[in-house]
Amino acid sequence: MTKGIYQIKCNVNNRQYIGLAKDIEKRWKQHEKALNSQTHENSKLQADWNHFGADKFEFSIIQRWKRGEKLEDLEDIWISQLEPYYNIRLGKRCKK
C-alpha cells in the first residue's frame, strides 16, 4: 500500500490527471474499472480513454507521502505546477 500523489497520463497527447490516495494501487484499480466500464466521473479523461484506448495511458506515482506531510497540500503543489488537463479544479482545494 502506497500513500501519496499519482498521475494518469495519456502518452498520445501528454494530458495528465493528478490525484492523491492513501492506497494508490487500490485507487488506480478504481479509476481503471470506472474507465473500462465507461462510468468515470471525469468526462474529459473518459473521452480520451475511449478514443485512444487503455494501452495509451500510463499510471505512475509522482510523490510518496512522508510522515508530517498533508496529502491535500502535496496534491495542490503538483496541480499548480503541472496544470493537468484532466483535473476539474486547479490550484487550492475547493468543495465540489
Value for CD (Gln16) from NZ (Lys9), rounded to nearest 0.5 Å, stands at 6.0 Å

Residues at least two apart in sequence or cross-chain that pass side chain to side chain contact (heavy atoms under 4.5 Å, CB included) with Lys70, listed by chain then number, are Glu72, Asp73

One should read off an interatomic distance between Arg15 CZ and Ile8 CD1, to the nearest 0.5 angstrom, of 15.0 Å

Handout entry: Contact check, side chains of Leu45 and Phe57, non-hydrogen atoms, under 4.5 Å
Key = yes

Quiz item: Taking side chain as C-beta onward, heavy atoms only, is Tyr17 less than 4.5 Å from Tyr6?
Solution: yes

I'd like to know if the side chain of Ser37 reaches the main chain of Ala34, judged simply by a donor and an acceptor atom lying under 3.5 Å from each other, with no hydrogens or angles considered. yes

In this structure, OG1 of Thr2 is separated from CZ of Arg27 (nearest 0.5 Å) by 15.0 Å

Applying side chain to side chain contact (heavy atoms under 4.5 Å, CB included) to Lys22 and not counting sequence neighbours gives Lys3, Leu71

dist Lys33:NZ -> Thr39:OG1 (nearest 0.5 Å) comes out at 8.0 Å

d(Gln81 CD, Ile62 CD1) to nearest 0.5 Å is 9.0 Å

Glu69 side chain to Lys66 backbone, donor-acceptor under 3.5 Å: yes

In this structure, CG of Asn36 is separated from NZ of Lys29 (nearest 0.5 Å) by 13.5 Å

Hits for side chain to side chain contact (heavy atoms under 4.5 Å, CB included) against Asp23, two or more places apart or cross-chain, chain-then-number order -> Met1, Glu25, Lys26

Item to complete: Tell me, with the steps shown, if His40 and Trp49 meet side-chain contact (heavy atoms from CB on, under 4.5 Å).
Response: CA-CA 10 Å; His40 201 279; Trp49 184 274; over 6 Å; no

_Regarding Asp48 and Tyr86, do their side chains bring together a donor and an acceptor under 3.5 Å, going by distance alone?_
yes

Looking at side-chain heavy atoms only, is the closest gap between Ile18 and Leu82 below 4.5 Å? yes

Is a donor from one side chain sitting under 3.5 angstrom from an acceptor on the other, for Gln46 and Asn50? yes

Item checked: Whether Trp28 and Phe59 hold their rings parallel, tilted or perpendicular, with breakpoints at 30° and 60° -> parallel

Closest non-hydrogen atoms of Phe52 and Asp55, given as atom of the first, atom of the second and distance, are O-OD1, 3.9 Å

For Ile24 and Ile5 the tightest heavy-atom approach is CD1-N, 4.0 Å

